[in-house]
Amino acid sequence: MEKERKIIIAGNWKMNKTVAEALDLVHGLRRELAAIKEVDIVVCPPFTALESVSKAILDSNIRLGAQNMSEHGEGAYTGEIPAGMLKEFSVGYVILGHSERRQFQREDDALISRKAAAALTANLIPIVCVGETLLERESGRTQKVVEAQIRGSLAGLSGEQMEKTVLAYEPVWAIGTGKTATSAQAQEVHAFIRKVLAALHGELIARRVRIQYGGSVKANNARELMSQPDVDGALVGGASLELRSFSDIVRNSI
Ligand code: PEP
């Protein structure tokens, strides 16, 4: 079935891959996925591999993403990287508000919304992550938590900015655990997110926003997840580190 929105599959390599390993993987992806036009394919290496990967994917159908960025443009922010420096390597996307950063770096919705605005101003597409913990799901608070994250992390964005933004619904209990949300669980939350977006920006814009699912996506569950009407792609962690599994996910999502 033809999807209303173009599928976007992004690989979040997290704190993995030396430059040599990154190049090895991306050369393979370039070869394997050269014929794919139906999917936006994005790889998000660590900062240290951005320059090499950027050169390796030149003139290909693979796009480059970063895993984080500063809310500031420049200045005395030791260890931070701003949007402008990412653009030097032709980065087009940036993952913001990943649950690991929310948990370990204590990033909150207000900070994530400032980063999202900075990314969009610099013409980077933010991939904004939201999702509930196991405790929140089990206590029936999934929708409440996800709505608060959506409203907070996207606060202040115009409709035009919202349309360009990609969302990733990543239930924290499914990340790196091997537990995937069922396709019905994913669809339920994705449809709910679209309802929240419609309340914020109207039906038309809500229908244009792409919402990825993330959490133990593998080649063998990608097709079922992507077949859901409101699932528009995947943010892939572990399975994006290997050529075979990531290329199979991309192929199985069409
Ligand atoms: C992620 O960290 O964004 C993720 C979805 O990881 P994994 O695919 O390994 O669960």
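Nothing here was measured: the structure is a model prediction, and the numbers come from that model. Each ligand, and each atom within it, is numbered from 1 in the order the structure gives.
- The shortest N or O to N or O distance between Gly237 and ligand 1 is below 3.5 Å.
- Here Ala174 has backbone heavy atoms under 4.0 Å from ligand 1, and that is the only part of it that gets that close.
- By the 6.0 Å contact criterion, CZ on Arg207 is open, its count of non-hydrogen atoms from other residues, nucleotides or ligands being 12 or less.
- Among protein heavy atoms, atom 1 (C) of ligand 1 sits closest to His98 NE2, 3.2 Å.
- Using a non-hydrogen distance threshold of 4.0 Å, Ser216 registers as a contact of ligand 1.
- Below 30°, between 30° and 60°, or above 60°: for His190 and Tyr169 the angle between ring planes is above 60°, a perpendicular geometry.
- Here is the list of ligand 1 atoms found below 4.0 Å of a heavy atom in Gly215: 5 (C), 10 (O).
- For ligand 1, the atoms closer than 4.0 angstrom to any heavy atom of Leu235 are 3 (O), 5 (C).
- Distances between N or O atoms of Thr177 and those of ligand 1 include no value under 3.5 Å.
- With respect to Asp40, the salt bridge (Lys or Arg N to Asp or Glu O under 4.0 Å) criterion is satisfied by exactly one of Lys6, Lys3, Arg5: Lys6.
- Of all atoms in ligand 1, listed by their number and element, those nearer than 4.0 Å to a heavy atom of Gly238 are 7 (P), 8 (O), 9 (O).
- Residue contact check: Gly176 has heavy atoms under 4.0 Å from atoms 7 (P), 9 (O), 10 (O) of ligand 1.
- For the pair Arg244 and Glu32, the salt-bridge criterion is met [side-chain N within less than 4.0 Å of a carboxylate O].
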Return all side-chain donor-acceptor pairs below 3.5 angstrom for residues 80-96, not counting sequence neighbours, or 'none' if the list is empty.
unit_1, atom_1, unit_2, atom_2, d
Lys87, NZ, Ala122, O, 3.0

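- Taking every non-hydrogen atom of Lys14 and a distance limit under 4.0 Å, the qualifying atoms of ligand 1 come out as 1 (C), 2 (O), 6 (O).
- Not counting sequence neighbours, His27 has no partner by the ring-ring contact (aromatic ring centres under 6.0 Å, His included) test.
- Among all protein heavy atoms, the one lying closest to atom 3 (O) of ligand 1 is Glu170 OE2, 2.7 Å.
- Between the side chains of Gln187 and Asp230, at least one donor-acceptor pair of N or O atoms lies under 3.5 Å.
- With hydrophobic clusters built from ILVMFWY side chains whose heavy atoms lie under 4.5 angstrom apart, Val130 does not share a cluster with Val172.
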